[in-house]
**Student:** 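One structure, pasted below without further comment.
This one's a predicted model, so the numbers in the text were calculated from it and none came from an experiment. Residues take their numbers from the sequence shown, with the count starting at 1.
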Amino acid sequence: MVTYKAHSGVDAGSGYVHTITGTAVNVHDIDETAKLIREDDEAVYGGSGYCGAEKWEEIRNDSHLSKIEFRINNRPTSIKVPDSYKGSHWEKQIENRKSSTRSKVEHPFLIVKKQYG
């Protein structure tokens with residue numbers, strides 16, 4: 001049995017899906033990054049599976065893609081704040097804002113899952 005997964009590009013302002021690619025499960029998320037970016041994109045939000053996307057040769061060597069600001073969520077385990085710290089958790093707040101923008105990508109998948117079970 002072959003299993004597939006979908007990668008989607010979603011407009012951060014409207015939440016509309018503009019690009020979808022399908023791959024086998026063994027294809028890493030980062031391999032699809034360049035295919036999900038539009039010509040007018042200036043910033044890209046992504047989950048921790050896209051960490052290091054800006055370092056990929058395909059993106060570094062493209063004049064448009066190399067100028068894009070990548071706002072990728074850090075892995076939760078990489079944020080080190082001791083429980084005893086009583087000040088503002090700036091890193092967690094920054095990650096929360098990135099996640100709230102990135103969550104628009106998840107909404108279409110919710111609709112598909114509810115529709116098809």
Side-chain angles (χ1 to χ4, degrees):
M1 182 171 113
V2 179
T3 308
Y4 297 95
K5 66 180 175 179
H7 307 269
S8 66
V10 178
D11 183 72
S14 66
Y16 290 133
V17 176
H18 58 73
T19 310
I20 292 200
T21 62
T23 63
V25 173
N26 64 348
V27 175
H28 197 282
D29 294 343
I30 208 166
D31 293 337
E32 294 296 298
T33 306
K35 296 173 188 165
L36 300 173
I37 300 173
R38 296 177 298 176
E39 287 297 318
D40 63 341
D41 286 338
E42 296 175 2
V44 171
Y45 291 85
S48 59
Y50 294 92
C51 281
E54 66 277 5
K55 298 174 187 171
W56 275 64
E57 189 173 330
E58 182 180 10
I59 292 174
R60 277 193 333 225
N61 295 336
D62 184 285
S63 61
H64 167 65
L65 297 177
S66 62
K67 295 176 186 168
I68 290 177
E69 181 181 349
F70 286 84
R71 299 174 185 166
I72 308 300
N73 279 97
N74 291 324
R75 290 180 174 82
T77 55
S78 70
I79 301 171
K80 307 289 186 208
V81 180
D83 292 335
S84 61
Y85 181 69
K86 301 297 182 202
S88 295
H89 298 281
W90 293 111
E91 283 188 61
K92 286 186 177 184
Q93 289 177 5
I94 291 167
E95 294 304 307
N96 184 285
R97 288 191 180 178
K98 287 192 269 186
S99 293
S100 68
T101 301
R102 195 179 63 78
S103 70
K104 294 177 183 176
V105 172
E106 304 301 331
H107 188 74
F109 293 108
L110 171 71
I111 293 169
V112 170
K113 285 180 180 181
K114 285 189 172 187
Q115 198 77 11
Y116 296 103

**Student:** So do the side chains of E54 and V44 get within less than 4.5 Å of each other, counting heavy atoms only?
**Tutor:** no
**Student:** Assess whether atom CZ of R97 is packed by more than 12 heavy atoms of other residues, nucleotides or ligands within 6.0 Å.
**Tutor:**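 For R97, atom CZ is not crowded (no more than 12 foreign heavy atoms under 6.0 Å).
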**Student:** For the atom pair CG (L65) and OG1 (T33), what is the distance rounded to the nearest 0.5 Å?
**Tutor:**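 Taking CG in L65 and OG1 in T33, the distance rounds to 9.5 Å.
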**Student:** So which atom in N73 and which in K98 form the shortest heavy-atom distance, rounded to 0.1 Å?
**Tutor:** ND2-CB, 3.8 Å
**Student:** In this structure, would L36 and I72 fall into the same cluster of hydrophobic residues linked by side-chain contacts under 4.5 Å?
**Tutor:**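 Result: yes, single cluster for both.
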**Student:** Are I37 and H64 close enough that some pair of their side-chain heavy atoms sits under 4.5 Å apart?
**Tutor:** yes
**Student:** Do you know the tightest heavy-atom contact between E58 and A34?
**Tutor:** OE2-CB, 3.4 Å
**Student:** Please find the pair of heavy atoms, one from S8 and one from I20, that lie closest to each other, and give the distance.
**Tutor:**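 Taking every non-hydrogen atom into account, CB-CG1, 4.2 Å.
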**Student:** Any idea which heavy atoms bring R60 and S66 closest together, and the distance?
**Tutor:**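 Smallest interatomic distance, heavy atoms only, reads O-CB, 3.6 Å.
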**Student:** Measure the shortest side-chain to side-chain distance between T23 and H7 over non-hydrogen atoms and say whether it is less than 4.5 angstrom.
**Tutor:**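 Result yes, sub-4.5 Å side-chain heavy-atom pair found.
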**Student:** Supply the atom-to-atom distance D41 CG to H18 NE2, rounded to the nearest 0.5 angstrom.
**Tutor:** 5.0 Å
**Student:** With rounding to the nearest 0.5 angstrom, report the CG to CD distance, L110 to Q115.
**Tutor:** 11.0 Å
**Student:** Among pairs that include at least one residue of residues 13-25, which meet salt bridge (Lys or Arg N to Asp or Glu O under 4.0 Å), considering only residues two or more places apart or in two chains?
**Tutor:** none
**Student:** In terms of hydrophobic clusters joined by side-chain contacts under 4.5 Å, are Y45 and F70 together?
**Tutor:** no
**Student:** Measuring from T19:OG1 to K35:NZ, what's the distance to the nearest 0.5 Å?
**Tutor:** 12.0 Å
**Student:** Which atom names give the shortest non-hydrogen contact between G49 and D29, and what distance separates them?
**Tutor:** O-CB, 4.2 Å
**Student:** Which heavy-atom pair separates D31 from W56 by the least distance, and what is that distance?
**Tutor:** OD1-CH2, 2.9 Å
